[in-house]
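Heads up: the structure comes next, in structure tokens.
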Number of protein chains: 2
Amino acid sequence: MVVDKLRETELDRLFQAFADSTRRDIVRRVTVGEFSVSGLAALYAMSFAAVQKHVAVLERASLVTKEKRGREQIVRGDHDGLQKARRLLDEYEHIWRQRAARMADILAEG
Amino acid sequence: MVVDKLRETELDRLFQAFADSTRRDIVRRVTVGEFSVSGLAALYAMSFAAVQKHVAVLERASLVTKEKRGREQIVRGDHDGLQKARRLLDEYEHIWRQRAARMADILAEG
DNA sequence: CTTATCTACAACCATTTGGTTGTACAATAA
DNA sequence: TTATTGTACAACCAAATGGTTGTAGATAAG
């Protein structure tokens, strides 16, 4: 089978990135507006370094990008990761609907 | 704020459950057909107990259900978890589109 | 120049995760 | 009845995760 190992680890990272409420909140915020890493850090009851790590996780998952501006690092939402995650769940939804259709057919035949 | 702690841990579990390729594969399989836990275990290069744990993770995330049939435990796909995950990502997509629309407005004004 | 701010990164720690083996028990098959 | 099969669960282990503090380097402000 081999199932495309690269894409699999990409998806691992994506969903892992979503699996934390602080990171989900960061994604929402940086999609709406502009935040530096320290600007984000000010929002949560944890250290700067902890937030920095969360941002790094999101970056590896293509859910945010960072861009240096002066001494600050501006974090912005990246549509790429979100799209990929949605695509996978849509795939699952499709499989589900096919199954539902098959079951309807069986009932109609019966 | 308080952001509904219950729903947040629910989402933590959901995305954590998706963050493993074996578990994603199990979800696909049990959505299409019927599998016992040992039937699933036969598919992967890991112990029965490991697969059993994966199924437990999926069950806690409302992505599968188990039903006892004789001495077997039948695993089936559960649409509930999938729907919730999709709903969250759709929310994010919506936020993204609003942002895009805002940016278009600004360009139109300017 | 000196000080304050923003970031990066290492080292450390506790807990969780993803795997293992082993034991026990219920249900089926011989 | 006895053996086999399917499951559950505990105990254990290595690695990853989510947090901390501390140090150091750029950049901006006084």
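All of these numbers come straight from a predicted model, not from anything done at the bench. Every chain is numbered from 1 and lettered A, B, ... according to where its sequence line falls, protein lines coming before strand lines.
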Of A:H54 and B:I74, the one whose closest DNA chain D nucleotide lies more 5'
B:I74
Pick the closest DNA chain D nucleotide for A:A19 and for B:V37 by heavy atoms, then say which residue is nearer the 5' end.
B:V37
Using a 4.0 Å cut-off on protein heavy atoms (strictly under), produce a 5'-to-3' string for nucleotides 25-30 of chain C with B for base contact, S for backbone-only sugar-phosphate contact, and - for none.
--BBS-
Would you say A:D78 and A:L58 make side-chain contact, with heavy atoms under 4.5 Å?
no
Inspect the contact between [Y] and [X] and indicate whether a charged nitrogen and a carboxylate oxygen are less than 4.0 angstrom apart.
X     : Y     : answer
B:E93 : B:R97 : yes
A:K84 : A:D80 : yes
B:E72 : B:K66 : no

Considering heavy-atom distances to DNA chain C, does A:K53 or A:Q73 have its closest nucleotide positioned more toward the 5' end?
A:Q73
Numerically ordered, the residues 39-52 of chain A set in heavy-atom contact under 4.0 Å with DNA chain C is A:F48, A:A49, A:Q52
If the test is side chain to side chain contact (heavy atoms under 4.5 Å, CB included), which one of A:V27, A:I26, A:D25 qualifies with A:R29?
A:D25
Taking every non-hydrogen atom, the tightest pair across B:F18 and B:A85:
CE1-CB, 4.0 Å
Specify the closest pair of heavy atoms between B:R13 and B:A61, including all atoms of both residues, with the distance to one decimal.
O-CB, 3.7 Å
Below 4.0 Å: OP1/OP2 of C:dA8 and any side-chain N or O of A:K66:
yes
So what does B:T22 hit on the nucleic acid, given a heavy-atom distance under 4.0 Å: a base, only sugar-phosphate, or nothing?
nothing
Under the 4.5 Å side-chain heavy-atom rule for ILVMFWY, direct or indirect, which residues accompany B:V32?
A:I95
